[in-house]
Amino acid sequence: DIDDSFKSMFAQLAGEDMEISVHELRTILNRVVTRHKDLQTDGFSMESCRTMVNLMDKDGSARLGLIEFQILWNKIRKWLAVYRQFDLDKSGSMSSYEMRLAVESAGFKLNNRLNQILVARYAENEAIDFDNFICCLVKTGRSFQQLDKEGKGIAEMNITEWLYMTMCG
Ligand SMILES: O=C(O)[C@@H](S)Cc1ccc(I)cc1
Ligand SMILES: [Ca+2]
Ligand SMILES: [Ca+2]
């Protein structure tokens, strides 16, 4: 069951329509991320919040209901733990080496080439900050979800498919 403090945070955020819009999601994520002083970030963009809503929005409302929001929140909490675990030099951002370890531990085993592409796509001056890390995992997760139809937990894809999924997905 969802604890009351989470429910009250959700209700406060969601407003009378009891659903969280892209804008409302961005507000809460940026408020929370600034609380964590060890995380490098330039803030969540509307685009990355739209990606997250699209991924989690199961009923096509273009907004997040309580359950959808809870699932996203738990994903971010899990990925935050991975981010901190693999930020080996405690720089607050991911180097390409740290990123490879983190992405693998998040369940996405990518080969060298795909890892290079992912870092090139999400790094800003050679480092991936927290909001970009989350956005990357949201998109990669979506690609795997779409490809791993049988839910075997592996998604074979060639570079073109992966590029298309993560760049345009
Ligand atoms: O709520 C928190 O601060 C932790 S527990 C989880 C979390 C951390 C960062 C973000 I952005 C969203 C959620
Ligand atoms: Ca680091
Ligand atoms: Ca960023």
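Values in this document were obtained by computation on a predicted structure and should not be read as measured data. All ligand and atom numbering here is 1-based and tracks the order in the structure.
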>> What is the name of the N/O/S atom of D129 that is nearest to the Ca ion (ligand 3)?
In response: OD2

> What is the closest protein heavy atom to atom 1 (O) of ligand 1, and at what distance does it sit?
Replying inline: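 Of the protein heavy atoms, W73 CZ2, 3.3 Å lies nearest.
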
>> Before we go on, tell me: are the rings of Y83 and F130 under 6.0 Å apart, centre to centre?
In response: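 Judged by ring-centre distance (under 6.0 Å), Y83 and F130 do meet the cut-off.
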
>> Could you work out, for atom 2 (C) of ligand 1, the closest of R35, K75, K78, R77 by heavy-atom distance?
In response: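 That would be R35.
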
>> Below 3.0 Å, can you find an N, O or S atom of S91 next to the Ca ion (ligand 2)?
In response: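 So S91 does bind the Ca ion (ligand 2) by this criterion.
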
> What residue and heavy atom of the protein are closest to atom 4 (C) of ligand 1, and at what distance?
Replying inline: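 Looking at atom 4 (C) of ligand 1, the protein heavy atom closest to it is H36 NE2, 4.1 Å.
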
>> Considering T34, V32, I28 one by one, which has a heavy atom nearer to atom 10 (C) of ligand 1 than any of the others?
In response: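 Shortest heavy-atom distance from atom 10 (C) of ligand 1: V32.
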
>> Can you tell me how the ring of F69 sits relative to the ring of F10, calling it parallel under 30°, perpendicular over 60° and tilted otherwise?
In response: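 Tilted: the ring planes of F69 and F10 meet at 30° to 60°.
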
> Which is the closest N/O/S atom of D42 when seen from the Ca ion (ligand 3)?
Replying inline: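 Within D42, restricted to N, O or S, the Ca ion (ligand 3) is closest to atom OD1.
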
> Do S45 and S48 get their side chains close enough for a donor-acceptor pair, meaning under 3.5 Å?
Replying inline: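 Distance-only check passes for S45 and S48.
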
> Going through the distances and angles, do E68 and K75 end up as a salt bridge (charged side-chain N to carboxylate O under 4.0 Å, His left out)?
Replying inline: CA-CA 11 Å; E68 293 164 337; K75 277 182 185 286; over 6 Å; no

> So which protein heavy atom does atom 11 (I) of ligand 1 come closest to, and at what separation?
Replying inline: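 Result for atom 11 (I) of ligand 1: L29 O, 3.7 Å.
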
>> Only N/O/S atoms count here: what is the atom of D89 closest to the Ca ion (ligand 2) called?
In response: OD1

> Within a strict 4.5 Å, meaning less than it, do heavy atoms of the D57 and R63 side chains meet?
Replying inline: no

> Would a 4.5 Å heavy-atom cut-off, applied to side chains only, mark L110 and R100 as touching?
Replying inline: no

>> Looking only at side-chain N and O atoms, does S61 offer a donor or acceptor that is under 3.5 Å from a partner on E19?
In response: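 A donor-acceptor contact under 3.5 Å links the two side chains.
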
> Below 4.5 Å, heavy atoms only, C-beta onward: do M56 and L72 meet side chain to side chain?
Replying inline: yes

> Do we see a donor-acceptor contact under 3.5 Å between the side chains of D129 and T41?
Replying inline: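 Side-chain D/A pair, D129 to T41: absent.
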
> Closest to the Ca ion (ligand 3), which N/O/S atom of D131 is it?
Replying inline: OD2

> Which of the listed options, I76, D131, L80, V33, holds the heavy atom that is closest to atom 12 (C) of ligand 1?
Replying inline: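 Answer by nearest heavy atom: I76.
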
> With the Ca ion (ligand 2) at the apex, how many degrees lie between OE1 of E98 and O of S93, rounded to 10 degrees?
Replying inline: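 About 80°, to the nearest ten degrees.
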
> Do any of the N, O or S atoms of N132 sit under 3.0 Å from the Ca ion (ligand 3)?
Replying inline: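 So N132 does bind the Ca ion (ligand 3) by this criterion.
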
>> I'd like the atom name of the N/O/S atom in D87 lying closest to the Ca ion (ligand 2).
In response: OD1

